[in-house]
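Just below is one structure, and these are the notes that go with it.
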Amino acid sequence: MPEHVLDFEAIKAHAREELQRNWTGEYFAPHLEGAFPDNFLWDTCFVAIGLAEDEPELAASLLLQLKRYQWPNGMFANQNVDATRPGTIIERANFRTDKSRDAPENLPTSGFSQPPMLAEATLAVAEKLDKDERSVFLDEMVPSITKYHEWLFDTRDINGNGLVTQIHPYETGMDNSPPLELHVMDNRTQMERLLTSRLIMAVFGPAIDSVRRDFRHAPRHQRMHNASVAQYQLLTRKLARAEYDIDKILADPTIPLVEDVTFNSIFVRANQHLQTLAEQAGIPLPERLRSQIDAQRSALNHLWDPYHKTFYSRDARTKLPLKIKTIGSLMPLYATKLPVPHRDHLLDDLTDTSQFWTQHPVPSVPLKPSFHHDGRPLHDSERYWAGPWWLWMNSLIIDGLEQNGDHELAAMIRHRSLQTIANLHRSSGKMAYEYYHPGSGEGLGVYPFSAAAAMIIRLVNETAEAHKGLAKALY
Ligand code: GLC
C-alpha cells in the first residue's frame with residue numbers, strides 16, 4: 001500500500017460534503033438518491049457518533065428525531081419510513097406493522113430492530129454538549145433507552161440466559177452474513193424452497209430485478225442474491241402474520257431465530273453505556289433492569305466454542321452454533337474486556353493473513369473458509385456482508401482493541417482505513433462508499449453512504465487526537 005502524507009482537514013471537509021448529499025431536511029438517509037431513503041436506526045447512530053465532536057447539536061437532533069419513531073412497547077425499528085416521501089406503499093404493504101398492537105399509529109416502520117448503538121451514540125453526543133443542553137438531552141434520551149433495553153430483555157431473552165434473540169437477519173444489520181443467510185435458507189419449508197428455487201428465480205428474476213432499488217445504484221454481484229431477498233421477504237410476511245408478537249413467533253417453528261454474536265456484543269456494551277448515562281442524568285435505572293444487566297455479564301460465554309476457540313452465533317431454538325466465522329466472531333472484543341486467553345485467540349485470528357489480516361482489513365468474512373459442514377467457500381470480496389469491509393465495523397473493532405489493551409493494533413487498523421480513504425480521495429474524489437474491497441481497497445456498494453462519511457470524520461478526529469498526544473509527549 002503506497003504511503004502518502006494524509007491531509008486530514010481536506011479529507012474531513014470532503015467527507016462532510018459527501019454526508020450532506022444524503023440530508024433530507026430532518027435526517028441523513030443512508031443513501032438518499034434511492035437505495036436507502038429512510039431513517040435507519042444504527043446508520044443514524046453512527047452518523048451521530050461521527051458528528052458528535054464537531055456538530056453536537058445537529059447530532060443530538062438526529063437522535064431526538066429517531067426517538068419520535070420509538071414504539072410504545074419500547075422497540076426502535078431498524079427502518080423508519082419517511083411518510084413524506086412519495087411511493088412508500090411498498091414498504092407499508094411489506095412490513096404491515098399496522099397489524100401489531102405494539103406499533104405506533106401513523107408512523108410506518110419495520111417490525112424489527114437493529115443492533116442497539118443508541119446508548120453509545122447518546123453518550124458520544126452528550127459528552128460534547130454544554131452543561132444545560134446536556135441535561136435536557138439526557139432527560140429525553142435516558143428514559144427512552146431504558147425502555148428500549150427493557151423491551152429487549154423482556155421480550156427477546158427467550159432462553160432466559162441473558163442473550164437476546166433476533167427474528168430476522170435484517171435485525172442484525174448484517175443481512176447476508178453467511179451464517180445468517182444459510183440458516184434462513186436451510187430452514188425453508190418445502191413450499192418456500194419451491195418459491196425460491198432456481199427455476200422460479202429464472203422466471204421471475206427480471207420482475208424482482210425491476211423492484212430492487214439497490215440494483216439501480218450498485219452492480220448486482222455486490223448485492224444479495226435474488227433467492228435470499230425473496231426468502232427474507234417471505235420471512236417478513238410470516239412475522240407480519242404473527243403480528244410481530246414474540247409468543248406467536250415462537251409458536252411458529254418455521255421462523256428461524258438466532259442469538260447473534262454481534263447484536264449481543266453491542267447490547268452488552270450498550271448496557272454499560274446506559275449505566276453511565278443514567279448516572280450522568282441522575283435517573284436511577286429500574287432494579288429489575290439492573291439485575292438483568294448483571295446477569296448478562298457472562299452471557300457471551302454461551303457463544304464461545306471451546307473446540308474452534310472462537311465465538312459463533314447460534315440457533316436460538318436448538319442452541320446449536322452456526323459454525324461459520326465472521327467479523328462477528330471478533331465483536332466480543334467490543335463488548336467487554338475479555339479474559340486473556342479468549343482475547344488472545346481472537347487477536348490471533350485478526351492478525352492472521354489467511355483470515356482477517358487482509359491488505360485492507362477487517363473483512364466481514366475471513367479469507368479462508370472456517371469450518372462449515374459442506375466446506376463451501378464463503379468469502380466473496382465484493383458481495384455485501386460476505387467479504388467486504390465496512391467502516392463502522394472497523395470502528396467497533398478499533399474500540400474493542402483499545403478496550404482490551406491492544407493500542408498498537410487499534411492504531412494500525414485506524415491508519416490502514418484512513419490510508420484507503422486517502423487513496424480514494426486522491427484517485428477519484430469518492431470516499432464514502434457503503435463498503436470496500438479487502439484486497440484492493442476499492443469502494444463498493446452504494447455511494448455516497450452516510451454512515452461511512454461520518455465514520456471517516458470520526459477516524460480523522462481520533463487520529464488527529466492521537467497525533468496531538470504524540471506531539472505533547474515529544475515536547
Ligand atoms: C443494509 C445493511 C444495514 C443498514 C441498511 C441501511 O440493510 O445491511 O446494516 O443499516 O442497509 O444502510
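Numbering of residues begins at 1 and proceeds along the displayed sequence. As the structure lists them, so they are numbered: ligands from 1, and atoms in each ligand from 1.
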Is the shortest side-chain N to carboxylate O distance from Glu55 to Arg16 below 4.0 Å? yes

What orientation do Tyr433 and Tyr436 show, parallel under 30°, tilted 30 to 60°, or perpendicular over 60°? perpendicular

Centroid separation under 6.0 Å, is that true for the rings of Phe112 and His168? yes

Out of Arg188, Arg193, Glu192, His225, which one pairs with Gln231 under the side chain to side chain donor-acceptor pair (under 3.5 Å) rule? Glu192

Name each N or O atom in ligand 1 that is under 3.5 Å from a protein N or O, and give the partner atom and the distance.
from     : atom 1 : to     : atom 2 : distance (Å)
ligand 1 : 7 (O)  : Asp175 : OD1    : 3.4
ligand 1 : 7 (O)  : Asp175 : OD2    : 2.7
ligand 1 : 8 (O)  : Gly173 : O      : 3.1
ligand 1 : 8 (O)  : Asp175 : OD1    : 2.8
ligand 1 : 8 (O)  : Asp175 : OD2    : 3.2
ligand 1 : 8 (O)  : Trp385 : NE1    : 2.8
ligand 1 : 9 (O)  : Trp42  : NE1    : 3.0
ligand 1 : 9 (O)  : Gly173 : O      : 2.6
ligand 1 : 10 (O) : Trp42  : NE1    : 3.2
ligand 1 : 10 (O) : Asp43  : OD1    : 2.6
ligand 1 : 10 (O) : Gln114 : NE2    : 2.8
ligand 1 : 12 (O) : Asp43  : OD2    : 2.8

Salt bridge or not for Arg317 and Asp315, using N-O below 4.0 Å? no

Checking the side chain of Ser354 only, and the main-chain atoms of Lys368 only, is there a donor and an acceptor separated by less than 3.5 Å? no

